[in-house]
Amino acid sequence: MANDLFNSFMTGPDEKGRFGDFGGRFVSETLMPLILELEAEYENAKTDQSFWDEMDFLWKHYVGRPSPLYHAERLTEHLGGAKVYMKRDELNHTGAHKINNVLGQIILARRMGKTRIIAETGAGQHGVATATVCAKFGLKCVVYMGAHDVERQAPNVFRMKLLGAEVVPVTSGRGTLKDAMNDALRDWVTNVRDTFYCIGTVAGPHPYPAMVRDFQSIIGKEAKEQMMEAEGRLPDTIIAAIGGGSNAMGLFFPFLDDKDVQIIGVEAGGKGVNEKMEHCASLTGGRPGVLHGNRTYLLQDEDGQILEGFSISAGLDYPGIGPEHSWLHEIGRAEYVAITDAEALEAFKLCCELEGIIPALEPSHALAHVMKIAPKLPKDHIICMNMCGRGDKDIFTVAKALGFEM
Amino acid sequence: MWPGRLIFPPALGTSGGLDEKDRPMTRIDDRFAKLKAEGKKAFVAYIMGGDPDYDTSLAVMKGLPDAGVDIIELGMPFTDPMADGPTIQLAGQRALEGGQTLQKTLDMVTEFRKGDPTTPIVMMGYFNPIYSRGVDRFLADAVNAGIDGLIIVDLPPEEDEELCIPAQKAGINFIRLATPTTDDKRLPKVLQNTSGFVYYVSITGITGAAEAQAADVAPEVARIKAKTDLPVIVGFGIKTPETSEAIARVADGAVVGSAIVSEIAAGKPVSEILSFVKGLADGAHRA
């Protein structure tokens with residue numbers, strides 16, 4: 001740890017919600033009083049032991065935390081270089097890291113007396129996690145999902161309905177994740193009194209990026225302790241996939257001041273990061289702009305119009321990225337790379353065959369980068385990648401890509 | 001890759017008030033002075049720049065003053081209009097598909113100004129296209145084109161250094177939205193760096209939604225007028241000449257957007273669109 005705040009990377013955001021030049025509160029006046037109220041409530045909850053006691057209890061007994069830190073022996077042997085560990089957040093209840101954050105926000109919503117929860121979802125993992133926690137607490141839940149995603153993620157739509165949520169297919173714009181977020185914001189503007197907007201990633205207006213990061217940081221905190229127990233030292237490299245960037249921020253944040261730990265974020269390169277923009281790599285192929293309440297790197301044309309991303313993974317299919325990642329990118333504390341659909345599919349298959357773990361397509365991107373760098377690294381180099389979701393939801397997409405008839 | 005010492009920069013000043021000398025006087029102030037002298041309320045009309053195409057949109061815009069429009073709000077299309085209902089969303093999509101850009105919206109104003117040096121023009125939209133162009137470059141172009149004010153939906157007072165302060169230093173009014181959620185504690189902050197007029201949003205919700213109710217709006221307008229000398233104009237949910245009149249009666253004027261855009265969406269001829277606008281304007285002017 002850095003021994004003084006002056007040298008720390010963990011003090012952000014500032015009081016304006018900025019990480020360097022990124023972040024902020026770019027929302028309409030109707031929402032401004034709401035996010036100020038949310039910020040005050042969150043600041044209050046953060047220092048309230050009873051809030052964290054409730055979180056810890058539910059993380060343990062409802063989510064199943066701590067998730068294991070697993071040494072992937074056969075994968076390590078196969079790659080012939082660095083020692084590979086996986087942080088097994090795919091073993092959480094609902095099958096991904098998303099529920100870590102949802103629990104925090106719903107407990108906060110309850111403290112604020114809100115009775116109606118709205119959320120946006122792409123692949124459906126955040127929607128399922130939100131519907132799950134709402135069912136547990138008896139709260140009304142409305143999930144906005146792009147009409148295109150409703151079609152290609154039918155099992156998750158049914159899960160949400162079983163859990164009592166109303167799923168609203170979004171046809172505005174192009175009917176994708178960013179449009180689902182627009183419609184969720186429109187709902188929130190209309191139903192300001194009783195509604196809490198549960199954002200699924202480290203994006204949106206302040207305090208969301210910081211709040212979601214804090215809830216997801218349980219991943220990195222556990223990984224640190226578990227690594228000390230397993231190896232007696234910290235890992236040399238930590239790696240996670242990035243769409244909006246919540247699982248990555250959760251793993252990275254507790255390591256930011258451990259300057260010997262290399263941090264790598266893996267964006268979705270789709271068909272390749274080129275001028276055709278068939279990818280979702282906001283940092284690798286975008287530039288700073290303002291969308292959904294924050295300034296961050298965005299995929300956009302030269303007129304400042306937002307472009308659609310493209311990725312085999314519906315969970316990475318977002319034209320922006322959390323503002324803290326944009327800041328870490330600009331100051332160079334973390335390194336960001338892109339992995340193509342084809343590379344992610346190879347990693348997906350290898351993980352199934354060598355480790356008996358069917359990964360989601362999102363962490364398959366992180367794993368693909370591990371496969372690229374591990375062979376060139378010495379055997380005493382330790383890599384920890386975040387296995388942030390399981391692949392059950394993706395089997396249809398993968399089958400199609402591999403030419404299987406289901 | 002490891003930077004040496006690093007810290008978050010301190011917040012910029014207190015962002016305090018705009019100096020009075022920097023508060024611009026524009027065609028908007030002249031127009032309100034004229035209306036006041038005539039004992040009339042203002043009628044403000046919104047159209048989306050480039051909807052459904054550049055030429056039609058410019059023809060409608062040029063006809064608005066004769067239809068009784070006192071101030072023109074010209075929409076800048078954006079792919080992700082988070083505060084707008086389906087009508088304005090679709091208008092933006094039509095405009096973008098028709099090839100509209102920020103430059104073309106500025107060009108519309110330049111063209112309009114050739115025949116009308118007095119009607120105030122307020123550009124309304126979202127921040128990213130302006131940020132993408134560069135704030136200084138945009139403001140220089142906007143001044144040259146003859147723009148009087150800006151309404152940027154996703155720039156609350158908390159982000160005043162981004163555009164609000166630079167715009168007013170460049171001589172362009174920055175018009176703020178006040179909403180039913182803007183309580184008395186927050187109102188001074190919203191009014192602080194506002195100029196031209198205050199746009200009161202009659203409902204919590206998106207554009208083109210529920211019908212505005214004069215009885216709900218009246219006390220809110222009074223609440224705002226107690227704190228500012230600026231005119232207070234009311235918009236969102238005004239669709240008919242009757243509502244236009246009722247709302248204008250309890251405020252300094254009324255804004256209509258979605259209802260006009262719907263006429264454009266229906267593909268009506270320019271003359272019919274303008275006679276619809278005239279009905280709304282006459283309503284407000286009866287107040």
Side-chain angles (χ1 to χ4, degrees), chain A residues 5-9 11-21 24-34 36 172-174 178-179 181-183 185-187 189-193 206 259 262 287-293 295 298 300-308 331-335, chain B residues 1-12 15 77-86 89-90 92-93 96 100-103 126-133 152-159 161-162 176-183 185-186 189-190 199 201 203-206 209-210:
Chain A
L5 280 176
F6 195 70
N7 279 314
S8 176
F9 289 94
T11 57
D14 66 17
E15 69 271 27
K16 295 184 74 190
R18 299 289 181 93
F19 303 91
D21 200 30
R25 289 179 285 218
F26 296 86
V27 296
S28 64
E29 174 59 25
T30 310
L31 291 182
M32 204 54 222
L34 279 79
L36 291 174
S172 68
R174 294 182 188 275
K178 81 172 172 69
D179 302 299
M181 197 152 179
N182 290 336
D183 267 18
L185 284 163
R186 288 174 187 128
D187 178 313
V189 164
T190 311
N191 302 292
V192 292
R193 314 273 173 205
H206 179 63
K259 64 186 172 77
Q262 181 193 22
R287 62 191 169 87
V290 173
L291 178 70
H292 293 153
R295 172 160 34 229
L298 299 172
Q300 53 184 320
D301 70 12
E302 52 188 35
D303 200 40
Q305 304 296 339
I306 308 304
L307 298 170
E308 294 296 328
I331 62 168
R333 175 61 188 104
E335 179 186 332
Chain B
M1 77 172 234
W2 187 258
R5 296 168 82 76
L6 195 138
I7 193 165
F8 286 94
L12 286 168
S15 105
F78 183 48
T79 38
D80 293 81
M82 289 160 297
D84 285 302
Q89 290 171 35
L90 291 171
Q93 279 180 29
L96 290 172
Q100 191 73 2
T101 57
L102 184 51
Q103 182 59 50
Y126 296 80
F127 186 41
N128 198 52
I130 293 172
Y131 180 73
S132 168
R133 189 179 184 88
I152 305 300
V153 183
D154 50 356
L155 286 179
E158 281 72 7
E159 304 292 350
E161 284 111 19
E162 297 284 335
R176 190 92 67 194
L177 304 180
T179 73
T181 60
T182 312
D183 58 18
K185 189 165 145 268
R186 185 168 168 77
K189 192 170 176 97
V190 169
Y199 186 136
V201 176
I203 50 164
T204 56
I206 50 181

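Below, chain A is the first sequence line, B the second, and so on; all start at residue 1.
In terms of heavy-atom pairs under 4.5 angstrom with chain A, the leader among B:V201, B:L90, B:I152, B:L96 is B:L96.
Both the backbone and the side chain of B:P156 come within contact range of chain A, judged by heavy atoms closer than 4.5 Å. For B:P81, the parts sitting under 4.5 Å from any heavy atom of chain A are the backbone and the side chain alike. Only the side chain of A:R295 comes within less than 4.5 Å of a heavy atom in chain B; its backbone stays farther off. Heavy-atom distances place no part of B:I130 under 4.5 Å from chain A, backbone and side chain included. Residue B:D183 does not touch chain A at all, counting heavy-atom pairs closer than 4.5 Å. The contact between B:F127 and chain A is made entirely by side chain atoms (from C-beta outward), counting heavy-atom distances below 4.5 Å. When heavy atoms are compared at a cutoff of 4.5 Å, B:E158 approaches chain A by way of both its backbone and its side chain. No part of A:L307 comes within reach of chain B, as not one of its non-hydrogen atoms sits under 4.5 angstrom from that chain. Contacts of B:R186 with chain A are made by side-chain atoms alone, with heavy-atom separations under 4.5 Å and no backbone atom involved. Only the backbone of A:E302 comes within less than 4.5 Å of a heavy atom of chain B; no side-chain atom from C-beta onward does. Contacts of A:D187 with chain B are absent, with no heavy-atom separation under 4.5 Å from either backbone or side chain.
Of all heavy-atom pairs between A:R25 and B:E159, the closest is N-OE2, 2.6 Å. Between A:Q305 and B:F78, the shortest heavy-atom distance links the atoms OE1-CA, 3.3 Å. Closest heavy-atom contact between A:E29 and B:L177: CG-O, 3.4 Å. Nearest heavy atom pair, residue A:T190 against residue B:G205, reads OG1-CA, 3.6 Å.
Side-chain atoms of B:T79 come within 3.5 Å of backbone N or O of A:I306 as a donor-acceptor pair. At least one donor-acceptor pair under 3.5 Å links the side chain of B:N128 to the backbone N or O of A:V290. Put simply, the side chain of A:T30 never gets that close to the backbone of B:T204: no donor and acceptor are under 3.5 Å apart. At distances below 3.5 Å, not a single donor-acceptor pair connects side-chain atoms of B:D154 with backbone N or O atoms of A:L291.
Rounded to the nearest 0.5 angstrom, A:D303 CG and B:R133 CZ are separated by 8.0 Å. Distance check: A:S172 OG to B:Q93 CD gives 7.5 Å after rounding to the nearest 0.5 Å.
Counting heavy atoms from C-beta on, the side chains of A:M32 and B:K189 never come closer than 4.5 Å. Two residues are said to be in side-chain contact when any heavy atoms from C-beta on lie closer than 4.5 Å; A:R186 and B:Q89 meet this criterion.
Between A:R287 and B:S132, the side chains place a donor N or O and an acceptor N or O closer than 3.5 Å (distance only, hydrogens not considered).
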